[in-house]
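Worksheet for the structure shown next.
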Amino acid sequence: MTKIALAIHGGCGVMPEGSMTPEEWEGARRDLAAALRAGYTRLQAGDSAVDAVEAAVVVMEDSQHFNAGHGAALNENGVHELDASIMDGTTLEAGAISASRAIRNPIKAARTLMEDGRAVYLTGPAADRFAEAKGLQIEPQSYFTTLKRVEALEAMKRHAADGTEGTENEKHGTVGAVALDAAGHLAAATSTGGYNNKPDGRVGDSPVIGAGTYARDGVCAVSGTGKGEFFIRYVVGHEIASRMAYLKQDIATATEGLINHDLAPHQIGAGLVAIDAQGIAVAPYNTPGMFRGWVTPEGKGFVATHERVYEIEL
Ligand code: ASP
C-alpha cells in the first residue's frame, strides 16, 4: 500500500480575521474538519481517490459556510446556478455539471455523469433532468439560499452602482478536494455557486476540466478557487501538470508560479489545493485567507482559514 493523502479548500473568498466572530471562524473550521474526515475515512478504507474527493466535497456543499450547494452565491437575477466537476487521474475520465438550478449535491451529479460516460459536460435544465433521472436529490432554489449570500448580492449591486470594489467574501468562493489513494491514484473535485452577481448563465472555471479541476496519475491533482475567467484563460490545472511533467518543477514551484507570478498582474483573488504523486499537498492563495485543510502522508490532519494552522483529530 502506498501512502494516502488529501487536501481540501472551501474557497479563497475569505474575509480578514477581525471581520467575523471567533465562533463563526470556529464553525467554518469544524465543517472543514468534517469534510477532511469524510474524505480521509474513505482513503483509509482503501476506497478510491475519486470516492474520497466526492465525499469531502459533499460535506462542504451541505455546509452553509462555503459557496457551493447550500449557501451558494446568487447571480445577477438572484438565482443560484451551480457548477461542479470531478476527474479521475487514472483514466482521465471526467464529469461536469454547469448552471444547475436544482441539484442538491452537484458533485454527485458530476460523478454520476463521469460514470455514465456518454458526455463530459451537461449544462442547465438538461443537467438537472439528468440528475433527477439518476435518482439524485433535487431541491427548490430556496434550499440553496442563505442570508449571507442575499446580503453579498445586495452589496455587490451597490458596489457596481458606485464603482467600488467588493470584498473577496462578497465576491466569491468555491469548494474542492484532491486526493492520493492507497493504489497510488489521484483525483480532483470542485463545486461552486460561482460569483455573486455573476451574469445569468455564466459558467466559471470549476466545471472546466483543465482549468478549475485537473488530475493525472503520476503528476498531480488540482482544484482551484478565484476569479474563474482567469483560471480558464490560463488553463491553470493543466498548466500546473504540464510544468511538473515537462519542466520537472515540483508542486510548490509550479503552483506558486501560477498564483504569485502569472495571475498576479491581474489583481484577482486566486488560490488552489494541489497534491503530487507522493502525496505532498500545497495550498497557495493571494487573498486575506483561504478555507483549507489537508492530511499528510504521515496521517496528520490540519485545517486553517488564515495563516494560523490548527491540527485536528482525524
Ligand atoms: N472559481 C469560482 C468561479 O469563478 C469562484 C471562486 O472560486 O471564488 O466560478
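When a residue number appears, it is its place in the shown sequence, counting from 1. Just so we're clear, the structure is a prediction, and the values are computed from it rather than from any experiment. Just so you know, ligand 1 is whichever comes first in the structure, and atom 1 is the first atom listed for that ligand.
- Atom 8 (O) of ligand 1 has its closest protein heavy atom at His172 ND1, 2.3 Å.
- Considering backbone and side-chain atoms alike, Thr225 places an N or O below 3.5 Å from some N or O of ligand 1.
- The pair Asp200-Arg101 counts as a salt bridge, with a side-chain nitrogen and a carboxylate oxygen less than 4.0 angstrom apart.
- Every N/O-N/O distance between Thr192 and ligand 1 stays at or above 3.5 Å.
- Ligand 1 has an N or O atom lying under 3.5 Å from an N or O atom of Gly228, backbone or side chain.
- Nearest protein neighbour of atom 7 (O) of ligand 1, counting heavy atoms only, is Thr174 OG1, 2.5 Å.
- Comparing heavy-atom distances from atom 4 (O) of ligand 1 across Arg202, Met290, Lys227 singles out Arg202 as nearest.
- Using a 4.0 Å cut-off between a side-chain N of Lys or Arg and a carboxylate O of Asp or Glu, Lys134 and Asp116 qualify as a salt bridge.
- Formation of a donor-acceptor pair under 3.5 Å by the Ser206 side chain with backbone atoms of Asp83 is not found in this model.
- Comparing Gly194, Gly226, Gly212 against atom 1 (N) of ligand 1, the shortest heavy-atom distance belongs to Gly226.
- Not one N or O on the side chain of Arg292 forms a donor-acceptor pair closer than 3.5 Å with the backbone of Ile8.
- Put simply, the side chain of Gln141 never gets that close to the backbone of Val79: no donor and acceptor are under 3.5 Å apart.
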Could you walk me through whether Thr164 and His159 pass the side chain to side chain donor-acceptor pair (under 3.5 Å) test, one step at a time? CA-CA 5 Å; Thr164 50; His159 290 306; 2.8 Å; yes

